[in-house]
Structure formats: C-alpha cells, structure tokens
Amino acid sequence: PRLPVLRLVLGALVRQTLPADQFCVWLVDNSSVPPLNVRELAPLHRAGIQAELVREPRLGLPPARVAGIEHTSSEWVLFLDDDTAVAPDYLARAVEIAGSDRLLGCFGGKLLLPATLRPPRWTRSLLPWLAIRDCGDAPITHAADHWGDWEPPGAGAVVRRPLLELFIQQIREDPSRTRLGRAGSSGLLSAEDSLMMRGAHKFGLLCSYQPRLQLVHYIAPHRLRFGYLCRLLFHHGRSHVLLARARGQPVAPPQRHELRRLVRRTITRLPRRRKLCEIAWRWGEFYERRQAVIGHDRQVAPASLQCVGH
C-alpha cells in the first residue's frame, strides 16, 4: 500500500464518533513488500481502539477478505480498502442503519474523489469503474440477483454474517473463485464483492445504497490514464463472465458475427478515448467467453486424447 494514504485511512478510523470500545479493527497485510509494520496500528491503540495486524500470504482480495472475516465474530463487518477513508460519522451511522431494518443483508454509501484530484473530462463517465460512486441523495434498497445501484462495492460495504459465511464457503468449495478480485498492483480482475453481496438474495435479504454514508477514495493518479483505463475495463469484462461461471450461471459461447462487430466498433472509435475504453469491456467479455468454451472443450475431450503423453 501507499503508506501515507494508508495512514489517512487509519486516521479516519481514529476520528470516528462511535465510541472506541464499540468496534475493532483488523488490518490485513496481503503480501506487502516490504511487510507492514505493526507500528502502523499505534494511532488506533493510542485512541483505545482494539486493532490487530493479520498477515495473509495468498495474494488477492478474496483470500484477504476471508482472512479478515475469520478473525471476526460480530453480526456485521465493514470492509475498507487501503485507499478509502471514511467520514467521522460513518461507523455510527452504519450501526444505526444496520439496526433500522432486520432484512438488510449489506449496504454501502457514496465513494467520493478527494478534492485535490481533478479527473480529465473524458474520464468522468468511467469513474464508477474506479469505485467512485454517487447515486444521489435518496436511499436505494432492493432484493435482486443481479447488479444495480443498491449493490455496494467492497470498499465501504457493511455486510451481515450469513453473507460472510457463505462467501467463505464458496471460496473453499471452488478455489478458482479466488481469481475474482484484484491481486497486487498488476492484477485487475474484480467482482469478488458482487459474489459476496449477491448472497443476500439467497437468504431473502436486501442490498442497499445509503447516501448518509460517505468515504473518500484516494485513487492513484495513474489510474486516470488512458492505457490503465483500457486495461481495467478489459478485465472488468472478463470478470463479468468469471462471476457468472463462479455462480453456476450459463455463459453463451461467442459467435463470429460478434467478433466482426467488435472489430468494426473498435476501428470506428479509434479517435475517442472514452469509447475505446468502453469497447475494451466488450473485448474482455468476448475473450473470457472464448476461454470458457476452450476450457469446456478440454473437459469433454475423449479419454484417449486426454491421456496422450502419459
């Protein structure tokens, strides 16, 4: 992590209006180089907040989230990334919201850019892909088995215990699901948060957008560059397919006419950076659907071919 930003994140927890004896903090070190020092927790300890450093050697968000969950026992858990700083009343309001509706399964709020970061105009419609999120000032609550504004991203999400236990179970049953979610500074796959939040539907619980909750997302400036955004949306397209497969949903095989259409769209959008980033999502989805077909073909290949070379 960027240590100055991580210290902003931890400092925001120190400044919470919720009394220090009413919450605990687990900081997961996910194979940081160099490893995080436990001294980073000193401001929390001085404020009377119970805090612990957890080391998870398996790289990736799913293993890191599982490691954090396994150290908790409360009914509700708040997830923060190492670049998201909560408003001073975030925890107090989260406790209030969690107690206001017994059917809530997960909820989150607004993720805002820091005032010092000015994104280029052409990137503004792409900011939601960077977990910059403002869906207005009215709550949005729904029960659905698909994405919508009611589904919180992982950063800032407050999640109920049944969803957490189901997430752990899903990861253990099929370790390939750990492909979902970012891994280090180069891995750009995502959707581990959607895998977790969609568990609400299984339990008949609700997902909710709660605008009273606000946090600042200190994204690194290089993430607003054209090349990075193209790669990011390509991997988001891949993640869309991987999430469907992880949830046992059918994935339609790609068709040749889709490839021709993608090529035409790419050529016609060459001068437009934003449009090229958007078409990168389609390329990622097409690529991963093709990979799914290749993997299926290998699984159903005749036994005599599977044994060649043994």
Side-chain angles (χ1 to χ4, degrees), residues 1-13 61 78-90 107-140 147-157 180-194 197 209-240 265-266 268-285:
R2 293 170 291 157
L3 287 180
V5 176
L6 176 62
R7 288 162 187 161
L8 287 175
V9 174
L10 298 177
L13 292 172
L61 267 176
L78 163 65
F79 292 97
L80 293 176
D81 290 350
D82 60 12
D83 58 359
T84 51
V86 291
D89 60 356
Y90 200 99
F107 57 91
K110 295 184 179 183
L111 286 97
L112 308 174
L113 283 171
T116 55
L117 186 60
R118 304 285 183 178
R121 183 186 298 268
W122 70 270
T123 67
R124 291 176 186 173
S125 66
L126 304 175
L127 291 178
W129 299 104
L130 292 166
I132 300 301
R133 182 174 189 252
D134 185 346
C135 301
D137 295 327
I140 304 171
W147 186 87
D149 289 339
W150 52 84
E151 181 179 296
L180 297 170
R182 294 186 65 182
S185 59
S186 57
L188 295 179
L189 291 172
S190 58
E192 92 294 336
D193 46 2
S194 290
M197 308 313 162
Y209 164 75
Q210 293 286 333
R212 290 187 295 159
L213 302 177
Q214 296 189 17
L215 61 164
V216 177
H217 189 179
Y218 290 92
I219 62 174
H222 79 270
R223 299 183 69 192
L224 294 169
R225 295 174 185 165
F226 171 68
Y228 179 90
L229 285 168
C230 272
R231 293 195 305 274
L232 178 69
L233 267 77
F234 176 82
H235 284 87
H236 269 288
R238 291 185 61 198
S239 301
H240 176 75
R265 288 182 176 179
T266 303
T268 58
R269 286 160 172 76
L270 280 177
R272 305 177 184 178
R273 290 174 293 182
R274 178 176 62 83
K275 292 293 185 181
L276 276 176
C277 290
E278 291 171 351
I279 205 71
W281 189 97
R282 296 292 179 190
W283 277 110
E285 189 219 24

So do K110 and D137 actually touch side chain to side chain, heavy atoms under 4.5 Å? yes
Closest non-hydrogen atom pair between L61 and G181, with its separation: CB-CA, 4.2 Å
Give a yes or no on whether R212 atom CZ has more than 12 heavy-atom contacts from other residues, nucleotides or ligands under 6.0 Å away. yes
Nearest heavy-atom neighbours spanning A12 and A85: CB-CB, 4.0 Å
Pair D134-Y209, side-chain contact (heavy atoms from CB on, under 4.5 Å): steps then yes or no: CA-CA 10 Å; D134 185 346; Y209 164 75; 3.6 Å; yes
Is the backbone of L232 close enough, under 3.5 Å, to the side chain of H236 for a donor and an acceptor to pair up by distance? no
Do R2 side-chain atoms and Y218 backbone N/O form a donor-acceptor pair below 3.5 Å? yes
Relative to each other, are the rings of H240 and W281 parallel, tilted or perpendicular (30° and 60° limits)? tilted
By salt bridge (Lys or Arg N to Asp or Glu O under 4.0 Å) - contacts of D82 (at least two apart): none
Here the pair of heavy atoms bringing M197 nearest to A157 is CE-CB, 3.5 Å
Could you state the interatomic distance from CZ (F234) to CG (L188), rounded to the nearest 0.5 Å? 10.5 Å
Between the CG atom in L229 and the CD atom in E278, the distance rounded to the nearest 0.5 Å is 11.0 Å
Quick one: does C277's side chain get under 4.5 Å of W122's, heavy atoms only? yes
Hey, does the side chain of Y90 reach the backbone of L215 with a donor-acceptor pair shorter than 3.5 angstrom? no
The reported gap from CG in L213 to CG in L111 (rounded to nearest 0.5 angstrom) is 10.0 Å
For residues V216 and L8, determine if any side-chain heavy atom of one lies less than 4.5 Å from a side-chain heavy atom of the other. no
Do you know which two heavy atoms are closest between L6 and P1, and how far apart they sit? CD2-CG, 4.2 Å
Check for a donor-acceptor pair, side chain of R274 on one end and backbone N or O of R121 on the other, with a separation under 3.5 Å. no
Say whether, by atom type as modelled, one donor and one acceptor occur between the side chain of H217 and the main chain of L130 under 3.5 angstrom. yes
Output all residues satisfying ring-ring contact (aromatic ring centres under 6.0 Å, His included) with W150, sequence neighbours left out; order by chain, then residue number. H142, H146
4.5 Å side-chain heavy-atom contact, F79 and D193: no
Working to the nearest 0.5 angstrom, can you tell me the gap between I219 CD1 and D83 CG? 8.5 Å
Output the distance between atom CG (L112) and atom CZ (R133), rounded to the nearest 0.5 Å. 11.0 Å
Heavy-atom closest pair, residues S239 and S190: OG-N, 2.8 Å
Is the shortest heavy-atom distance from the side chain of F226 to the side chain of L276 under 4.5 Å? yes
Give, for atom CG of L127 and atom CZ of R223, the distance between the pair rounded to the nearest 0.5 Å. 10.5 Å
